[in-house]
Asker: 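The following block contains the structure, expressed as structure tokens.
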There are 2 protein chains.
Amino acid sequence: MKEGPDIARIAALIGDPARANILTALMSGKALTASELAAEAGVGLPTASSHLRKLEEGGLIALRKSGRHRYFTLSGGEVARVLEALMGLAAGHGHVRSRTGPKDNALRRARVCYNHLAGEMGVEMYQAMRARGFVTDEGGTLTLTQAGERFITGLGVDLATLPRSRAPLCRECLDWSARQSHLAGQLGRALFAQFIANGWARRTEGSRAIRFTPVGETAFARAFGRDGATVSTG
Amino acid sequence: MKEGPDIARIAALIGDPARANILTALMSGKALTASELAAEAGVGLPTASSHLRKLEEGGLIALRKSGRHRYFTLSGGEVARVLEALMGLAAGHGHVRSRTGPKDNALRRARVCYNHLAGEMGVEMYQAMRARGFVTDEGGTLTLTQAGERFITGLGVDLATLPRSRAPLCRECLDWSARQSHLAGQLGRALFAQFIANGWARRTEGSRAIRFTPVGETAFARAFGRDGATVSTG
DNA sequence: TCAATGCTTCGCCCATGATCGAAGCATGAA
DNA sequence: TTCATGCTTCGATCATGGGCGAAGCATTGA
């Protein structure tokens, strides 16, 4: 009967284990080469090449040539959001995934979601910003308030440097592990970049997990912790 | 490298055309039998039976036996939301789907999304309710305000009859055609049921499309139209 | 020009799984 | 009991497509 868009095409693209691994690796937001993705996916180079062509033709990933390297990224935030949503389904229904190793715990705590902070800490941050009125929801679109502007400026983010594109400044993204929304969009991206720049957090090589430094933990708690709001001046 | 949940398993389930058709048919929110779903999917009964078993084992659909019939439904709203998100990806990236027939237009205008109203009219309704302060976003969870309670009571919805379950009363669901959120959750479901009960709208047989009656169009516009807010008392 | 690197294309093998006809097994009706 | 309906299971077929080795092409560097 075929009503609506052809979801089977897209789902089948994501449905191959090798391709799912490739997409998951690209959720780190980094541009990766074909060889790196082959290693991530656990397949040979010819196989990965074939998969990458299909993913590109399907519009899920984008390609940027640079010399004799070819860098691949997710084609946009919408793809990342669908992948997170799928992870939510897989984590929930999927027979309580084998054994949740220590790596999984790190992922649940803090990880990159395409280009912004996700996991418990991402959710905490978003909720704190909502609770303190830094971000409000105006009839369906998230907006950064003046108080919010002052706040993130205090964290060292320069709003003026953000590209004034049509991409929304703030955006919600549903977290697969916490099952609540965290902050995506340009602001989410800028804040995460700032955490890295400030030395609050570091990416983990070859993983989406984010390790916060002791200094970063403290600073994050002061900025976004439950107590933070009341204690800050105390 | 296998980080996070096993999305390939879920995506592969959705990725078969026959299964995708089955899931799409179940987006109507109605419980359908194996034979009906076989017809929807365009495959034989044994094939459909096999698919249904896989979908159920994968946790995407639920089964309710009744006499010698076996009724299938989506296993929950989360599955519906993932399907809608996939439709968004497929509609956007997918080479501008063949020809958007008249049926597609009807779907874009108004359709069922599992159990609530989606499409342009769904988005209009949600935005009107947000704009008038009937529904607000309190730190990440949608809440029905007192004004909102009065409003929907005026439409004939009896809040007291809604099951007091842990399922959220209000919830956003991203619309694949309009690319904006519409109202899901118990409230979305109740409102849609009320439209049907009031005779404002009718389901289209064998389709997710919703046909509003002339009376319904007028009533809907008065209740949720842009002018409605200012004109209502005029 | 020659070599090295990065990736793609080709050809082949092979496993998975989608499909259906026929038979089997329930449930309900006569 | 006997038949009809609704669905599942079995068995066999067959197409799709994932996988890799080898060869080919492009870019860079010497």
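Remember, it's a predicted structure, so these values are computed and weren't measured experimentally. Note on naming: letters A, B, ... go to the chains in the order of the sequence lines (proteins, then strands), and numbering restarts at 1 for each one.
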Asker: Nearest 0.5 angstrom please: Leu37(A) CG to Ser49(A) OG, how far?
Answerer: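 These two atoms lie 11.0 Å from each other.
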Asker: Taking OH from Tyr71(A) and P from dT27(D), how many angstroms apart are they, rounded to a whole number?
Answerer: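 Atom-to-atom, Tyr71(A) to dT27(D), this comes out as 16 Å.
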Asker: Any donor-acceptor pair under 3.5 Å linking the side chain of Arg81(B) with the backbone of Cys173(B)?
Answerer: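 No; zero donor-acceptor contacts below 3.5 Å.
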Asker: Say whether, by atom type as modelled, one donor and one acceptor occur between the side chain of Thr213(A) and the main chain of Trp200(A) under 3.5 angstrom.
Answerer: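 Side chain of Thr213(A) to backbone of Trp200(A), a donor-acceptor pair under 3.5 Å: yes, one is there.
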Asker: Do NZ/NE/NH1/NH2 and the carboxylate oxygens of Glu57(B) and Arg9(B) come within less than 4.0 Å?
Answerer: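 Judged by the 4.0 Å cut-off on N to carboxylate O distance, Glu57(B) and Arg9(B) do not form a salt bridge.
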Asker: Atom CG of Leu52(B) to atom C1' of dA18(C): distance rounded to whole Å?
Answerer: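 Leu52(B) atom CG is separated from dA18(C) atom C1' by 14 Å.
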Asker: Starting from C1' on dT27(D), measure out to NE2 on His69(A) and report it in whole angstrom.
Answerer: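 After rounding, the gap between these two atoms is 10 Å.
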Asker: Nearest whole Å is fine: how far is dG6(D) C1' from Leu63(B) CG?
Answerer: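 Atom-to-atom, Leu63(B) to dG6(D), this comes out as 13 Å.
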Asker: Under 4.0 Å between a side-chain N/O of Arg70(A) and OP1 or OP2 of dA26(D), yes or no?
Answerer: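 No, Arg70(A) has no side-chain N/O under 4.0 Å of OP1/OP2 on dA26(D).
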Asker: Measure the distance from NZ on Lys65(B) to C1' on dA26(C) and round it to the nearest whole Å.
Answerer: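 Those two atoms, NZ and C1', are 10 Å apart.
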Asker: Check Arg189(A), Met129(A), His116(A) against Leu183(A) for a side chain to side chain contact (heavy atoms under 4.5 Å, CB included) and give me the one that passes.
Answerer: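 Between Leu183(A) and the candidates, side chain to side chain contact (heavy atoms under 4.5 Å, CB included) is satisfied uniquely by Met129(A).
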Asker: Please give, in whole Å, the distance from dT8(C) P to Leu55(A) CG?
Answerer: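 Whole-Å distance recorded here is 12 Å.
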Asker: Which whole-number value in Å describes the distance from Leu13(B) CG to dA18(C) C1'?
Answerer: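 Computing the Leu13(B):CG to dA18(C):C1' distance gives 14 Å.
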Asker: Heavy atoms under 4.0 Å is the rule here; annotate nucleotides 9-19 of chain D 5' to 3' with B where the base is hit, S where only the sugar-phosphate is, and - elsewhere.
Answerer: B--------SS
Asker: Closer than 3.5 angstrom, by distance alone: can the side chain of Arg19(B) be matched with the main-chain N or O of Ala12(B) as a donor-acceptor pair?
Answerer: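 Indeed, once roles are kept as given, a pair shorter than 3.5 Å links the two residues.
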